[in-house]
Amino acid sequence: MADAVRAVLEQNLPAKLAVMYGYANLSALARAMRPEVERVHGSAASDDAILVALRRLRGNVEPTTPSSAVRDVIGRSAVAVRTDISRISIARTRAAVRVVMDILRHSHEHLVHLTEGLESITIAVDARAADVLNAVAGTADVLERRDGLAAIIISSPPEIKQTPGCLIPIFVKLYEEGINVEDMTSSHTDTIVLVDSRDAAKAFSSIDSLIKSFRGSA
């Protein structure tokens with residue numbers, strides 16, 4: 001039974017990370033895993049038996065080694081940081097759309113990333129541009145504003161688009177450093193991660209070290 005539980009866990013990276021870092025609800029995980037464990041084990045299994053196996057595995061789960069393809073993509077990436085960033089979410093009104101388009105046309109250097117929803121627009125820009133957007137949108141249309149952020153920008157080779165799992169080592173590294181990810185998005189081959197400015201130096205250093213450790217090791 002233990003071997004079947006371990007085999008299933010190895011194929012479910014989010015569950016494996018949850019067990020490894022101690023934040024998994026083991027009882028709920030045992031119930032969710034039971035059908036697959038029974039398939040691998042070839043016989044019926046109880047939730048209690050799976051739970052016992054998970055408890056024994058906890059603390060003995062080895063980190064997943066990134067594939068050579070993932071190591072190659074990350075090793076050929078580069079990281080940069082921009083500070084004094086604000087993230088602002090506004091209602092999707094005509095006035096707000098006009099200001100956003102104006103920023104795109106004439107002040108694109110202020111822009112970090114933009115995400116459009118059906119009823120709102122979320123934009124990460126430097127603080128000066130956020131002030132302009134905030135003033136135009138007005139208090140009623142500003143849904144949320146978060147100041148004091150930094151953008152960690154990871155530029156990767158084109159292969160990142162066809163290589164699954166490339167972001168996992170990066171986010172595991174940030175988790176291990178105790179860095180909270182405020183937001184993330186991607187654009188073509190760039191991955192943009194927003195963190196608190198107080199964590200900017202540590203986030204940059206940890207990702208830069210990860211990139212360097214993967215160079216030449218694929």
Side-chain angles (χ1 to χ4, degrees), residues 1-42 44-75 77 79 87 113 115 117 122 149 151-154 156-157 159-196 199 202-204 206-211 213-214 217-218:
M1 179 64 67
D3 289 342
V5 171
R6 182 184 289 274
V8 172
L9 199 61
E10 287 293 334
Q11 298 302 314
N12 188 332
L13 185 57
K16 180 179 178 179
L17 292 174
V19 172
M20 186 170 70
Y21 289 111
Y23 59 82
N25 181 327
L26 295 183
S27 296
L29 181 58
R31 291 192 296 272
M33 288 177 62
R34 183 160 56 84
E36 188 63 16
V37 170
E38 289 178 336
R39 186 189 67 79
V40 172
H41 193 248
S46 68
D47 293 345
D48 288 342
I50 298 171
L51 179 59
V52 169
L54 286 172
R55 285 173 175 164
R56 288 175 178 170
L57 283 172
R58 187 169 51 187
N60 296 305
V61 179
E62 295 295 327
T64 298
T65 301
S67 68
S68 60
V70 168
R71 297 176 72 88
D72 176 64
V73 168
I74 294 178
S77 299
V79 61
R87 184 189 66 219
H113 79 81
T115 305
T122 296
L149 299 175
I152 309 298
I153 304 168
I154 305 154
S156 302
E159 289 83 356
I160 193 172
K161 294 184 289 184
Q162 289 84 37
T163 308
C166 288
L167 298 184
I168 291 172
I170 293 171
F171 286 104
V172 168
K173 187 69 172 178
L174 293 175
Y175 173 83
E176 290 175 342
E177 295 292 336
I179 297 170
N180 182 51
V181 174
E182 298 271 352
D183 199 356
M184 72 81 59
T185 189
S186 61
S187 176
H188 190 46
T189 59
D190 287 345
T191 302
I192 302 162
V193 181
L194 297 184
V195 301
D196 191 290
D199 292 326
K202 185 163 61 169
F204 173 86
S206 62
I207 295 174
D208 185 56
S209 296
L210 180 70
I211 290 171
S213 72
F214 282 0
S217 66

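These values consider heavy atoms only, across backbone and side chains, with no hydrogens, waters or symmetry-generated copies.
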query: Side chain of Ser67, backbone of Val70: donor and acceptor closer than 3.5 Å?
result: yes
message: Could you check whether any side-chain N or O of Lys202 sits under 3.5 Å from a backbone N or O of Glu177, counting only pairs where one atom can act as donor and the other as acceptor?
response: yes
query: To the nearest 0.5 Å, how far apart are OG in Ser27 and CG in Asp48?
result: 8.5 Å
message: Is it the case that the side chain of Thr189 and the backbone of Ser156 share a donor-acceptor pair, with hydrogens and angles ignored and the cut-off at 3.5 Å?
response: yes
- line: dist Arg71:CZ -> Ser213:OG (nearest 0.5 Å) comes out at 6.5 Å
task: Would you sort out whether Asp183 and Arg87 count as a side-chain contact (heavy atoms from CB on, under 4.5 Å), showing the intermediate values?
output: CA-CA 9 Å; Asp183 199 356; Arg87 184 189 66 219; 3.4 Å; yes
query: Stepwise, does the side-chain contact (heavy atoms from CB on, under 4.5 Å) test hold for Val8 with Arg39?
result: CA-CA 10 Å; Val8 172; Arg39 186 189 67 79; over 6 Å; no
field: Atom pair CD1 (Ile152) and CD1 (Ile207), whose distance is rounded to the nearest 0.5 Å
entry: 6.0 Å
query: Under 4.5 Å between any side-chain heavy atoms of Val5 and His41, yes or no?
result: no
query: Checking side-chain contact (heavy atoms from CB on, under 4.5 Å) for the pair Leu9/Val19: CA distance, chi angles, key distance, verdict?
result: CA-CA 9 Å; Leu9 199 61; Val19 172; 4.2 Å; yes
query: Can you check whether Lys161 reaches His188 side chain to side chain, under 4.5 Å on heavy atoms?
result: yes
- request: Measure the spacing between CG of Asp199 and CZ of Phe204 and express it to the nearest 0.5 Å.
  value: 15.0 Å
- request: Quick one: closest heavy-atom pair of Ile154 and Ser77, and the distance?
  value: CG2-CB, 4.1 Å
message: On a heavy-atom basis, which atom in Asp196 and which in Glu182 lie closest, and how many Å separate them?
response: N-CG, 4.1 Å
- request: May I ask you to test the Ile74-Pro169 pair for a side-chain heavy-atom distance under 4.5 Å?
  value: yes
- prompt: Can you find a heavy atom in the side chain of Glu36 that is under 4.5 Å from one in the side chain of Met33?
  reply: no
field: CZ-CG distance between Arg6 and Leu57, expressed to the nearest 0.5 angstrom
entry: 4.5 Å
- prompt: Is the shortest heavy-atom distance from the side chain of Pro157 to the side chain of Val73 under 4.5 Å?
  reply: yes
message: Would you say that more than 12 heavy atoms from the other residues, nucleotides or ligands in this model lie under 6.0 Å from the CG of Asp3, or not?
response: no
task: In sequence, state the C-alpha distance, the side-chain angles, and the governing distance for Tyr23 and Leu17, and then conclude on side-chain contact (heavy atoms from CB on, under 4.5 Å).
output: CA-CA 9 Å; Tyr23 59 82; Leu17 292 174; 4.0 Å; yes
- prompt: So, the side chain of Asn60 versus the backbone of Arg56: is there a donor-acceptor pair under 3.5 Å, distance only?
  reply: yes
- request: Determine the minimum heavy-atom distance between Arg34 and Ser46, stating which atoms define it.
  value: CD-C, 4.2 Å
message: For Glu159 versus Thr163, what's the shortest heavy-atom pair and its separation?
response: O-OG1, 2.7 Å
For the student: nearest non-hydrogen atoms of Ala7 and Val40, plus distance: CB-CG1, 4.4 Å
message: Among Val172, Leu174, Ile179, which residue satisfies the side chain to side chain contact (heavy atoms under 4.5 Å, CB included) criterion with Glu176?
response: Val172
query: How long is the gap from CG on Leu51 to CG on Leu29, to the nearest 0.5 Å?
result: 9.0 Å
